[in-house]
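Since the model is a prediction, treat every value here as computed from it, not as a measurement. Just so we're on the same page: letters track the sequence lines, and every chain starts at 1.
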2 protein chains.
Amino acid sequence: MSGFKGQATYSIDAKGRIAVPAKMRACMSTDARETFVITRGFEECIYAYPLDRWRDIEREIEGLNPYNRQDRAFTRRFLRWAEEVVLDKKGRIAIHRPLIEYAGINQNALILGSQRHIEFWDPQKFDEYLAAEEADYETLATHVMGG
Amino acid sequence: MSGFKGQATYSIDAKGRIAVPAKMRACMSTDARETFVITRGFEECIYAYPLDRWRDIEREIEGLNPYNRQDRAFTRRFLRWAEEVVLDKKGRIAIHRPLIEYAGINQNALILGSQRHIEFWDPQKFDEYLAAEEADYETLATHVMGG
DNA sequence: ATCATATTTCCCACTTTTGCCCACTTTTTC
DNA sequence: GAAAAAGTGGGCAAAAGTGGGAAATATGAT
């Protein structure tokens, strides 16, 4: 089974439901195909992990020391936004308001396959992100290569 | 069965009752789903352990050295405030005044799933806690999770 | 001991949210 | 071009969350 890839632009309905593209669902192991864990991603988007992948991440969290202050802080920040969601019969997940608002999504979402997880973006925000990255790249290139 | 995660903001009523979010109740083993042990947590919040998790904690405490001053202090602090509470028919627990006052909660509580236990916070206090943590999330993530 | 006050416990009622199901349109596949 | 699958939207029942009343139990003062 290969990683997630490709993109799609789907609509989010009034109940916060959005379909997981069939081609991405096909990438998941059959026994973990029902459930995702969604959470805040880096750069103002939503990450969705298939349940088996999430278990790997959880195992890393379990390795932390609950009596260590920094470990506690990370655990709290990390788990706070995570939420299990089950696909409905049409292959959709329901995303709660706080996450949708975090990602700034309304009406439509850009869905990206990104190897081990799927990302949901506001299309405009993603464009801006790309533009910003591009600018950074040029600055970097000038600095490093320009002399 | 996976660990606790996610968050919710629920109200505490005049009787000190607060609901345990259904999604968190669903994470518990069916036979331990009735009873929690609540106690003071780190950073001025309330910890709630499902009964089976609490037994693990007890085993850890039994492993401490009663001739070590710090171990004694920890044991006293931990056990002093610990209390068994049973869920009512609507999935709520009643928290006693001293604990509620320790956490500074009134009206609303922020409920966090944190792997092996659930935490109850005063929402404002939690914000202040996050703000007070020196490192930002990305730094923390890199540091704790090893890049 | 008795009464008054305060908790606690066990109900029930109400509102909001969620979960489940069905119907329709569009796209893909053969 | 027909059939199947994918994507979209909405209705309805069940569950979750909130609040409060009355009986039972405890607490404390007279």
Practice prompt. Figure out the NZ/C1' separation between A/Lys23 and D/dA5, and round it to whole Å.
Written response: 15 Å
Worksheet item: What do you reckon, are the aromatic ring centroids of A/Phe36 and A/Trp54 less than 6.0 Å apart?
Response: no
Fill in: Nearest-angstrom distance from the residue atom CD1 of B/Ile93 to C1' of C/dC10
18 Å
Item to complete: Using a 4.0 Å heavy-atom cut-off across all strands, classify A/Arg25 as base, sugar-phosphate, or nothing.
Response: sugar-phosphate
Discussion item. Of the options D/dG19, D/dG9, C/dA23, whose atoms approach the side-chain atoms of A/Lys90 most closely?
Written reply: C/dA23
Discussion item. Just checking A/Tyr47 against A/Phe120, ring centres under 6.0 Å apart?
Written reply: no
Worksheet entry | Spacing of B/Ile12 atom CD1 relative to D/dG20 atom C1', expressed in whole Å | 17 Å
Fill in: Single-linkage hydrophobic cluster, 4.5 Å side-chain cutoff, A/Leu112 and A/Phe42 together
no
Worksheet entry | Rounded distance (Å) that lies between atom P of C/dA13 and atom CZ of B/Arg92 | 15 Å
Worksheet item: Does A/His96 have a side-chain nitrogen or oxygen under 4.0 Å from the phosphate oxygens OP1 or OP2 of C/dT18?
Response: yes
Item to complete: Could you check how far CD of B/Gln107 sits from P of D/dT18, rounded to whole Å?
Response: 12 Å
Discussion item. Please tell me whether A/Ser29 and A/Asp52 have a donor and an acceptor in their side chains that are separated by less than 3.5 angstrom.
Written reply: yes
Worksheet entry | Atom-pair distance (CD1 on B/Ile18; C1' on D/dA16), nearest Å | 14 Å
Item to complete: Would you indicate, yes or no, if C/dC11 has its OP1 or OP2 atom less than 4.0 angstrom from a side-chain nitrogen or oxygen of B/Lys89?
Response: yes
Worksheet item: In whole Å, what is the span from the CG atom of A/Asp13 to the P atom of C/dG19?
Response: 13 Å
Worksheet item: In whole angstrom, what separates A/Asp88's CG from C/dT17's P?
Response: 20 Å
Worksheet entry | Residue whose nearest DNA chain D nucleotide is more 5′ - A/Asn108 or B/Ala22 | A/Asn108
Worksheet item: Side chain of A/Arg17, base of D/dG10: donor and acceptor closer than 3.5 Å?
Response: yes
Item to complete: Would you please indicate if the ring centroids of B/Trp81 and B/Tyr102 are separated by under 6.0 Å?
Response: no
Item to complete: Look at the side chain of B/Lys15 against the base of D/dG21 and say whether a donor-acceptor pair falls under 3.5 Å; ignore hydrogens and angles.
Response: yes
